[in-house]
Amino acid sequence: MRVTTSKSKNAESFYISKGYVNDKGVSTSVIVRKLGTLNELIKEHGPTRDDVMRWAREEARIETEKYKKEREARSVQITFHADRQLDYDKQNFYRGGYLFLQSVYYGLQLNKTCRKLRDKYKFKYDINAILSDLTYARVLEPSSKRSSFQTAAEFMEKPAYELHDVYRALDVLGAECDFIQSEVYKNSHFTGQRDDKVLYYDCTNYYFEIEQEDGNKKYGKSKEHRPNPIIQMGMFMDGGGIPLAFSLFPGNTNEQKSLKPLEQKVIRDFGCRKFIYCSDAGLGSESIRNYNHMGERAFIVTQSIKKLPSRDKAWALDKNGFRRVSDNKPADITTLPDDDTDLYYKDEPYTPKTLHQRLIITYSPKYARYQKAIRDAQVERAEKMISSGNAKKQRKNPNDPARFIAAKAATDDGEAAKIHHYLDEDKVENEALYDGLYAVCTDLLDDDVSDILKVSEGRWQIEECFRILKTDFSARPVYLQDENRIRAHFLICFLALLSYRILEKKLDYKYTCEEILDTLKTINFAEVQEQGYIPLYKRSKLTDALHDACAFRTDYQFITKSQMKTIQKKSKCRE
């Protein structure tokens, strides 16, 4: 480093600068420290300019020595031998993406929950290490428990437990499933504010690779249309898209019966007593609406227009009486331009039995155009089926193009009757009446329509949660047989989903699920001669965001052993 000066009209300034070669191969310099102006420095280091320069050069020498020491401390001398083979059974590859999930896991204080379980059951194995590793592995490499144990062996912190301990822990986790959920909910408030004033509920099911019913594994209506026994899951999600609680019930049980037990648990164990219940029409029966009209609860559920009483259905299908949601101005939805993207509504009091409700009908021109395009393609397929002679209705799918095909018997002179298939124009026109229309029922009689519709539109997030569980986290098929272990399996999937959604929230929802998971899976390290680790991933805006969200960094060219231990402590919310 050296002393440089610059002169202006009124002063001469002194600096310490460092020379270097930039990425274009050009020699340049950068100012390391500004010492001050000659008039300022001469008072303390004078009385002459030469005295100030001697002092400045000494300061530059001190800065140079300081820089050399820091560089030596940061650099690591490693020698590789081209003629030396690798050692047998030496692990050099380590997964590091789990560290970011670990930050969320410990933020939920699940380690303290596991400590309570340890004190209750007095077992010797580390149930916190098992639960955390299984949760991380479900996100990074979803597979069987045996494979998850092998995946955990590639983490920076290797398991100190055995595989048989994993299966023993599953028994405890399944038995304490409800307790762990309630603890997680209470502790989740430490990770940020939760919107538990709106609770979304939905159900799905998971199939088993078995042929006969057993326990809760019953034959039922599978979401994947598989002929295997299934088990069903009901799940609550809060208004922010964060999972709240789940329960399991037999595969042959009506999903409407699953709500009350889980909701009672949420009210009793979680302390959630004032909220708006929101679901689709399948979980919005009259009894469920009455149940959520009690206490400080309310409901917003979708309503099938086709199942409305005839008078209400006629009113819903009537094109008159609509208003634009954005400004509440009357609108004629029959004269809207082709590129209109606004949303329109009309509402009226609705009392199908005893409960006074509010029926809101919305119309979306964009959704109407989408439905028409889909139906036009289905009609075209139906016509091809007729012309090819393949017009039999073989599927129960409500979107099957064959629903537009009608049949009638035709007879020729002296010949037996033949079945003639044709396109049912009346059915096509009847379905077109519902294009763009959507119905919502609520007991919030005085609330603003836009607020009600905003809550209802949030239901897509719980469907997204189930999609992540089934596809990205491979929650099915399920190979476990014991009921407790099955509950433990879904508890692990639930905690993995919860951890992911919280991490997604920490990233301000700027990245897709695919981007986040792919990035976490690539954050790996190579150990170098037991000196430290070299990152094997590409630095990106997403990796920067992950590090900022979790308050530690792994994106240095080289990380020493001691630095990695510090990172691990920070990921466990410890300094």
Closest non-hydrogen atom pair between [X] and [Y], with its separation:
X	Y	value
L343	E457	CD2-OE2, 4.0 Å
G239	Y200	CA-CE1, 3.9 Å
A153	P159	CA-CD, 3.7 Å
D280	D202	OD2-OD1, 3.8 Å
G282	E255	O-OE2, 4.2 Å
A488	L170	CB-O, 3.3 Å

- prompt: Should D119 and R115 be marked as a salt bridge (Lys or Arg N to Asp or Glu O under 4.0 Å) after you check the CA-CA gap, both sets of side-chain angles, and the distance that decides it?
  reply: CA-CA 6 Å; D119 295 342; R115 193 179 306 153; over 6 Å; no
Verify, without hydrogens or angle tests, whether [X] (side chain) and [Y] (backbone) share a donor-acceptor contact under 3.5 angstrom.
X	Y	answer
D482	N484	yes
R138	C493	no
D126	A129	yes
R118	I127	no
R487	A175	no
R194	G240	no
S143	S147	no
N128	L131	no
Q378	N399	yes
Q303	V440	no

- request: For the pair R501 and E504, find out whether any cationic side-chain nitrogen is under 4.0 Å from an anionic carboxylate oxygen.
  value: yes
For the [atom1] atom on [X], are there more than 12 heavy atoms of other groups (residues, nucleotides or ligands in this structure) within a distance under 6.0 Å?
X	atom1	value
K366	NZ	no
R268	CZ	yes
F179	CZ	yes
H293	NE2	no
Q91	CD	yes

Give, for atom [atom1] of [X] and atom [atom2] of [Y], the distance between the pair rounded to the nearest 0.5 Å.
X	Y	atom1	atom2	value
D435	K372	CG	NZ	8.5 Å
L507	K510	CG	NZ	9.0 Å
K506	C550	NZ	SG	6.0 Å

So among [options], which one has a side chain to side chain contact (heavy atoms under 4.5 Å, CB included) with [X]?
X	options	value
N524	Y537, F93, Y533	F93
L248	H489, E483, M233, Q232	M233
N292	L259, I300, L199	L259

Name the orientation class of the two ring planes belonging to [X] and [Y] (parallel below 30°, tilted from 30 to 60°, perpendicular beyond 60°).
X	Y	value
F270	Y185	parallel
F246	F494	tilted
F236	F275	perpendicular

Check whether any side-chain heavy atom of [X] lies under 4.5 Å from a side-chain heavy atom of [Y], and answer yes or no.
X	Y	value
K384	E380	yes
M564	E157	no
D196	V266	no
R467	D472	yes
V139	S499	no
L497	I468	yes
T554	H547	yes
R297	Y277	no

We want to know whether [X] and [Y] form a side-chain donor-acceptor pair, criterion being a heavy-atom distance below 3.5 angstrom.
X	Y	result
Y121	E176	yes
S258	Y201	yes
Y511	D518	no
K470	T204	yes
S132	Y98	no
S285	Q256	yes

message: Working note: F552 + K569, criterion side chain to side chain contact (heavy atoms under 4.5 Å, CB included); need CA distance, chi angles, decisive distance, verdict.
response: CA-CA 10 Å; F552 61 81; K569 287 181 179 179; over 6 Å; no
- request: Check the pair R553 / D548 against salt bridge (Lys or Arg N to Asp or Glu O under 4.0 Å), numbers first and verdict last.
  value: CA-CA 8 Å; R553 303 206 75 84; D548 292 340; 3.0 Å; yes
- prompt: When you look at Y161 and D133, which way does the side-chain hydrogen bond (donor to acceptor under 3.5 Å, both in side chains) test go after all the steps?
  reply: CA-CA 11 Å; Y161 52 85; D133 284 350; 2.7 Å; yes
task: State whether F208 and K217 meet the cation-pi test: NZ (Lys) or CZ (Arg) under 6.0 Å from the six-membered ring centroid, and within 45° of the perpendicular axis.
output: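 Yes, a cation-pi geometry holds between K217 and F208.
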message: When you measure from the centre of the six-membered ring of Y434, is the NZ or CZ of K306 closer than 6.0 Å and no more than 45° off the axis?
response: yes
task: Could you walk me through whether L498 and L108 pass the side chain to side chain contact (heavy atoms under 4.5 Å, CB included) test, one step at a time?
output: CA-CA 10 Å; L498 176 65; L108 293 169; 3.8 Å; yes
message: Between F299 and Y291 (judged by ring centroids, cut-off 6.0 Å), do the two rings come close enough to count as a pair?
response: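 Not under 6.0 Å, so no.
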